[in-house]
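Taking it in order: structure first as structure tokens, then the write-up.
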Amino acid sequence: MSTCSVSKGCFVFKPSPKKRRVSPKTADYFREGNNDSEDSGLRFATCQSLWKQIKSETEQIQEELNKQLFDNLVSFLRRSHSEFQEKTTEWTCQMKSSEIPTAALVLGVNVTDHDLTFKSLSEVLQNNITPYVALLQAKDCPGIKNLMQKLMGQLMNCYIDVDTSDEEDWVQVSQNRIRCSMASLISWYENITKKTDSETPSKKRTSSRHLQSPPVVVIFKDMESFTTKVLQDFLVISSQHIRELPLILIFGIATSPMIIHSLLPHSVSSLLCIELFQSLSCKEHLSTIIDKLLLTTQFAFKLSEKVLQVLINIFLYHDFSVQNFIKGFQLCIVEHFCSQPLSVLCCRLVEAKKRVNSLSHSQCENVRRLPSFRRYVESQVSEKQIALLTADNFLKEVIQKLLEDLHVYHENYVPVLRCLHVFTSSLPKYPLGKQIRELHCACLENRVWETEEYESSLQLARMLNKSDLVTMLQKCVEIFASSSGKEFDKVVEKLKEFLTQFQKLEVAGACQERGESVSSQKELQKKTDLYHLQKTLLELKESRRSKKLTKFEMLRFEVVDFIDNLVRNYLVPADHKTLHEIMYFNTASALREHLNAAPRIALHTALNNPYCYLKNQALKSDGGTISNKAPDICIVYKLHLECGRLINLVDWLEAFSTVVMAVEGPNAAASDQVDDIIHARFIRAVSELELLGFIKPSKQKTDHVARLTWGGC
Amino acid sequence: LESESEYSASCSEEEEEEEEQKEANTVVLGRKTPAKTKAASTPPPKKTLSKKMKEDKMSNLVEEYFEAHSSSKVLTSDRTLQKLQKRRLSQETLRDLLKKAPLAFAAEIKELNQQHESLFSKWMLQLHLGFNIVLYGLGSKRDLLEKFRTSVLQDSVHLVVNGYFPSITVRSVLNSITEEVLEHIGTFRSPLDQLEFIMKRFKEDPSLELYVLIHNLDSQMLRGERSQQILAQLSSLPSIYLIASIDHINAPLMWDQAKQSLFNWLWYETTTFSPYVEETSYENSLLVQQSGSLALSSLTHVLRSLTPNARGIFRLLAQYQLENKDNPSYPGLSFQDFYQQCREAFLVNSDLTLRAQLTEFRDHKLIRTKRGADGVEYLLIPVDDSTLTDFLEKEDEDV
């Protein structure tokens with residue numbers, strides 16, 4: 001069946017049931033995508049399990065980060081609802097009673113992440129407060145009627161969901177048959193609370209979790225996108241019925257809480273009793289994610305500097321979306337396991353060692369081809385070189401050792417990085433960056449101790465005051481003590497020694513200083529004339545300058561040198577390590593291409609310089625010109641660039657045919673046939689440009705088109 | 001060449017002196033008409049100055065833009081296609097002519113396509129991992145997607161949507177999913193309801209899988225906000241795999257952050273350099289003669305189902321419109337006159353019957369009513385004259 005038709009635009013193809021395969025496995029595509037089927041099954045399994053782990057890890061992180069916010073929200077809901085339940089007759093309460101308790105939840109501009117937050121929020125609410133939670137989105141509610149319909153649909157369905165376990169014969173009410181009005185909503189609520197009230201003695205389960213006569217929580221996911229009219233109507237109506245229906249609203253806000261007042265007039269916003277909640281900023285969220293996913297030895301898979309930079313740039317300059325960051329991370333994993341046959345070893349050390357033993361010969365050859373391994377071989381003595389290049393078994397042993405080295409490197413890298421970050425993050429102007437991710441990138445990029453920024457931060461560190469230095473050292477001790485690296489016992493000892501020295505210094509320094517200052521003060525207190533005073537002051541100054549460094553300063557130098565030593569030992573860039581290709585994904589270009597594509601540039605390049613794509617010598621041209629043998633659309637495009645706002649089709653056609661005729665040569669007589677074909681080619685090219693959005697027909701003048709683009713696309 | 005004297009500004013309300021006009025013309029000749037030989041051969045520019053040139057170019061572009069938009073008048077030549085003695089080509093002759101023209105760089109284009117085809121299994125992998133795929137780049141991606149469909153998707157349920165089809169709607173996409181894929185009988189009140197139904201079905205039954213191929217997701221009919229929203233939500237279902245192509249330079253502007261994250265795109269550049277044969281065949285191109293065959297067939301279809309009297313009424317209106325086709329300010333036939341004529345031809349006996357008939361025509365979009373300045377109702381057939389002539393001829397044959 002063809003998919004061209006003049007009467008139909010959609011075509012469904014269903015294979016006959018006999019032929020239908022039992023859904024081909026994703027793994028099959030993974031295998032097909034690789035020309036060498038080397039360990040592809042195992043690789044895919046590793047890839048999937050890794051992704052699963054990372055996914056659950058990220059979800060857990062999000063949950064933890066949101067916990068505080070949700071706790072606050074839950075307590076707010078409880079509090080405001082208890083006011084409703086008390087039904088006190090005090091005057092203030094009556095005044096307040098027509099106000100709807102509202103939580104304004106400021107979530108930030110990363111709209112794409114909000115969905116997950118709301119999903120877990122509604123789960124939390126359903127577990128703790130009330131089964132009646134409705135989530136509304138602006139796009140579902142163009143009018144108040146749709147809003148009520150959506151609201152009732154969600155509330156009544158949720159009721160059914162709760163009760164299906166107890167009453168099998170509950171008849172599902174079609175929401176379409178109920179009139180969507182506040183009155184029916186109230187009667188439904190009364191019904192339900194009566195029912196649960198009468199049933200409470202028999203089942204304690206629900207009553208223990210939920211409050212008595214639970215409130216109805218309505219969440220507006222994207223408050224800014226709702227039409228003002230709809231919101232106003234809903235608020236006014238529900239405030240009329242707040243006594244019969246305990247309603248609590250939650251507004252999801254992406255911009256600032258001021259938006260409530262600019263969206264709603266005072267008469268409406270005064271019906272609300274608003275409390276503000278602020279969610280964690282997305283930057284903090286990202287830092288935590290990077291901390292837990294990248295700066296850990298838990299996951300064998302790593303990102304190289306360039307890749308990480310691309311992902312961070314997309315985050316910072318495009319969307320602030322943590323979800324997108326994770327999506328990019330997923331793509332990295334898939335690409336890495338697809339493209340690197342040796343990624344089969346990208347797993348936990350114990351497992352990887354086992355896998356090394358079962359490597360095939362061709363995989364061994366793959367290892368030998370790795371640039372980092374080549375470098376390693378070259379640094380060995382000649383007998384060993386031969387053995388490495390010829391004996392597979394020997395090679396495997398070495399690979400195991402190298403993998404272990406790499407693992408140890410990672411184990412040491414992270415605590416030292418954190419320790420360095422403790423220092424650099426408190427320096428003025430942050431020469432190495434404020435965030436640990438910036439420091440991480442700098443360390444991955446090249447030897448960090450050779451950079452200017454590092455030099456200047458060391459200099460700044462040499463000027464730190466004592467109390468700062470002591471707290472930093474304490475932090476470092478904590479970091480090293482909690483790390484799993486085996487080599488850090490000595491480091492911790494040394495750091496502790498520094499700390500005790502500082503303490504001693506404090507005691508000693510205090511005595512010394514007091515003595516010194518007393519003596520000098522005494523000298524000053526003596527009655528002197530101006531000349532003598534000047535002289536003594538100069539002497540004092542002189543003595544201070546010539547004085548050797550104080551003990552504190554010496555110690556400070558020692559500490560900084562010690563840290564510097566650690567950095568030089570442990571923060572070697574990863575791509576200096578042998579076999580780093582197994583763990584590190586470094587094709588940043590692929591990532592940029594697929595996540596952050598530039599379709600306009602691609603189009604412009606294809607039109608302007610077809611040689612980039614069609615590698616034909618005839619198309620090769622330099623400068624701004626284009627060969628006259630280029631595809632028609634390129635020539636037409638080039639000609640249109642020379643025009644102003646309007647283009648005369650006749651002139652355009654003539655120019656085109658002149659260019660094209662030049663190719664045919666002078667002997668090709670301008671027969672009618674040739675002319676017609678050129679005309680047709682011109683028509684095609686022009687309509688293609690129209691499809692691409694470069695021109696549009698214009699009515700300003702007959703047979704003219706308007707140009708729509710300016711500049712290099 | 002007599003074109004020299006034919007230049008004039010497109011906005012003619014300003015009276016200009018002859019001399020000034022002439023001066024402008026010479027400027028125009030030098031710059032605004034496409035230079036005929038520039039593309040063919042120009043000396044290569046000096047490379048040493050390339051950077052400076054780039055800067056110059058940049059500022060030039062900006063200046064060019066403001067220059068072009070600063071005044072409301074644009075100077076171009078007045079020549080029209082009619083004077084060129086070249087008849088407008090019909091769709092068929094155009095197609096035949098293009099068949100004769102050899103495809104340039106066929107070998108290179110084939111190689112490009114082969115490069116893209118090697119990605120098929122990667123696409124499948126990524127589709128299954130929850131991404132959706134969007135193709136961009138110059139050249140029709142229809143053949144590539146067709147190849148993808150026939151080589152990989154043969155054994156699975158899939159839906160092909162021709163976005164460039166002039167009367168495609170998101171509704172028809174949803175309909176073909178509910179009716180043909182899910183085999184559901186019944187209608188829905190709104191696309192949103194329908195979408196909800198689809199989402200529910202796909203969530204309930206994990207064995208359901210659907211591949212959706214959309215050629216030209218950025219077409220006129222689908223680029224609207226609501227359509228894109230619905231398609232985005234559809235594509236976010238884990239068991240619906242979407243692979244789409246875009247061509248328009250501003251296509252990515254269709255999607256805000258929320259939609260983009262629903263679509264979960266992976267971008268693939270697939271520059272093919274293939275001509276957009278199918279995609280432009282529907283387009284009402286400037287230089288192609290309108291055959292109007294579609295409109296004609298729909299006209300005859302509708303009228304065939306009407307009573308002889310109703311057909312007569314329509315004929316009267318059509319004839320009257322054709323008689324006045326040379327009158328550019330023809331407002332249409334006023335209702336009173338029309339009623340009179342119909343009465344005389346024994347087609348109606350009261351204006352109520354005529355009104356009922358006209359309502360039916362209007363429902364089928366056969367006529368349009370317009371209120372004139374004097375409050376009188378005018379009736380028009382919104383079809384171009386040639387189609388109408390064809391229609392009347394055909395009617396005569398039938399009778």
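All values below come from the heavy atoms of this structure, side chains included, with hydrogens, waters and symmetry mates left out. So that the names make sense, note that chain A is the first sequence line, chain B the second, and so on, each numbered from 1. What you are looking at is a predicted structure, and each value in this text was computed from that prediction instead of being measured.
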Heavy-atom side-chain contact between [X] and [Y] under 4.5 Å:
X	Y	answer
A:Ile695	A:Val686	yes
B:Trp123	B:Val152	no
B:Leu213	B:Leu145	yes

Per-residue contact mode, [X] against chain A (heavy atom under 4.5 angstrom):
X	answer
B:Asn264	both
B:Gln233	side chain
B:Glu180	both
B:Gln229	side chain
B:Leu192	side chain
B:Ile109	both
B:Phe120	neither
B:Gln260	neither

| Pick from A:Asp319, A:Asn110, A:Asp113: which one makes a side chain to side chain contact (heavy atoms under 4.5 Å, CB included) with A:Asn324? |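 So the option named by the test is A:Asp319.
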Could you check which of [options] has the highest count of heavy-atom pairs closer than 4.5 Å to chain A?
options	answer
B:Ile168, B:Asn250, B:Leu266	B:Leu266
B:Pro275, B:Ser140, B:Gly137	B:Pro275
B:His215, B:Arg142, B:Arg226	B:Arg142
B:Val173, B:Leu129, B:Leu262	B:Leu129

| Is it true that the side chains of A:Arg684 and B:Tyr276 contain a donor and an acceptor less than 3.5 Å apart? | no
| request: State, without any angle test, whether A:His604 and A:Tyr637 hold a side-chain donor-acceptor pair at a distance under 3.5 Å. | output: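 Result is yes, a qualifying pair exists.
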| message | How about NZ on A:Lys615, more than 12 heavy atoms from neighbouring residues, nucleotides or ligands closer than 6.0 Å, or not? | response |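 More than 12 heavy atoms, drawn from other residues, nucleotides or ligands, come within 6.0 Å of this atom.
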With chain B as the partner, which of [options] has the greatest number of non-hydrogen pairs under 4.5 Å?
options	result
A:Ala602, A:Pro599, A:Ala597	A:Pro599
A:Phe44, A:Phe656, A:Tyr613	A:Tyr613
A:Lys629, A:Lys327, A:Gln48, A:Glu593	A:Lys327

Are any side-chain N or O atoms of [X] and backbone N or O atoms of [Y], one a donor and one an acceptor, separated by less than 3.5 Å?
X	Y	result
B:Asp218	B:Ile246	no
A:Asn648	A:Val650	yes
A:Arg707	A:Cys643	yes

Side chain, backbone, both or neither: which part of [X] has a non-hydrogen atom closer than 4.5 Å to chain B?
X	answer
A:His114	neither
A:Ala685	neither
A:Ile633	side chain

| message | Do B:Arg149 and A:Phe13 form a cation-pi contact, if we require the NZ or CZ to be under 6.0 Å from the six-membered ring centre and within 45 degrees of the ring's axis? | response |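 Pair B:Arg149/A:Phe13 counts as cation-pi.
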